[in-house]
Amino acid sequence: MLGVRNLHKSFGSNEVLKGVDFTINDGEVVAVIGPSGSGKTTFLRCLSFLEKANSGEYIFDDLDKDITKITRKEIKALRMKMGFVFQNFNLFRNMTAIKNVTEGLTVVRKIPEDQARVKAETLLDKVGMLDHANYYPDELSGGQQQRAAIARALANDPEVVMFDEPTSALDPELIGEVLSVMTKLAEEGTTMIVVTHEMNFAADVADRIVFMENGRVVEEGPSEEVLKNPKEEATKRFLRRILEHDE
Ligand SMILES: Nc1ncnc2c1ncn2[C@@H]1O[C@H](COP(=O)(O)OP(=O)(O)O)[C@@H](O)[C@H]1O
Ligand SMILES: [Mg+2]
């Protein structure tokens, strides 16, 4: 339902994405792994139009179009169908947790405040944050902030949710609570693209793993296959390094 073909992105003379092909089907969870600087963040940002790609074809449900020809109006509509969770939470600091969730609903979607609150409470409950609905980000732990950010990403009932290293900025003891919320979402059938270094999560929760290196998808396949029996030398090297690091 969401995909790109031959996606290219450069920053000046630095070609960061060198022809990426990618597809995710409804209900699928795909983990994107790869070394730092390989283009994972840029890839997610191009998929969600936070960054402008230089060329490629973009597919979303019935839309199949040159990515550079997608209109502002189409981008706006597409972005309503996506949720995005950032490494550093990116909550609005001057708003409570619940206000962070309702803001998009009331301001962008023009949903009445009371309806938006009902929706937000349901979502905060889902991520275990209902009892902290009226706390400001500074009064919350990183894990709590990230769970609130996940609730916010779900506010529009997105067709796909993208996570960019959602646990990388967290103290180790807070990682589990965020991963367990994500696991629950996955079990409910949420379509998710997750850039992560959490190999246990990738193994247990993701249907598929995409390994990126140097702006290209080097290898992809069912999670178990890629982790247990990687074909490419680059994948083997990366997994060896990251698994050593984990010990
Ligand atoms: N906004 C930007 N302007 C210039 N260069 C960027 C920008 N964002 C990313 N890059 C460059 O793109 C490359 C890939 O970065 P990134 O997508 O963040 O990789 P990853 O998420 O895999 O670590 C890096 O060389 C980085 O310096
Ligand atoms: Mg990144």
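Both counts, for ligands and for their atoms, begin at 1 and track the order of listing. Predicted, not measured: the structure shown is a model, and the values here were computed from it.
Between Gly143 and Val178, the closest heavy-atom pair is O-CG2, 3.7 Å.
Tally of protein N, O or S atoms closer to the Mg ion (ligand 2) than 2.8 Å: 1.
When atom types are taken as modelled, the side chain of Asn100 and the backbone of Phe92 share a donor-acceptor pair closer than 3.5 angstrom. Of the possible donor and acceptor atoms, none in the side chain of Lys40 sits under 3.5 Å from a partner among the backbone N and O of Val32. No donor-acceptor pair closer than 3.5 Å links the side chain of Lys9 to the backbone N or O of Gly39.
Within the 4.5 Å cutoff, the side chain of Phe43 has no heavy atoms near those of the Asp164 side chain.
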With the criterion set at N/O pairs under 3.5 Å, what does the list of contacts between the protein and ligand 1 look like, atom names and distances included?
residue	atom	partner	partner atom	Å
ligand 1	17 (O)	Thr42	N	2.9
ligand 1	17 (O)	Thr42	OG1	2.5
ligand 1	19 (O)	Gly39	N	3.2
ligand 1	21 (O)	Thr41	N	2.9
ligand 1	21 (O)	Thr41	OG1	2.8
ligand 1	22 (O)	Ser38	N	3.2
ligand 1	22 (O)	Ser38	OG	3.4
ligand 1	22 (O)	Gly39	N	3.0
ligand 1	22 (O)	Lys40	N	2.9
ligand 1	22 (O)	Lys40	NZ	2.8
ligand 1	23 (O)	Gly37	N	2.7

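Among residues two or more places apart in sequence or in another chain, the ring-ring contact (aromatic ring centres under 6.0 Å, His included) test is passed with His132 by Tyr135.
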Show me the donor-acceptor pairs, under 3.5 Å and distance only, between side chains in residues 111-121 and residues at least two apart or in other chains.
residue	atom	partner	partner atom	Å
Lys119	NZ	Asp157	OD1	2.7
Lys119	NZ	Asp157	OD2	2.8

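The six-membered or imidazole ring of Phe163 lies away from that of Phe201, with a centre-to-centre distance of 6.0 Å or more.
Hydrophobic clustering, with ILVMFWY side chains joined whenever heavy atoms are under 4.5 angstrom apart, keeps Leu239 apart from Met212.
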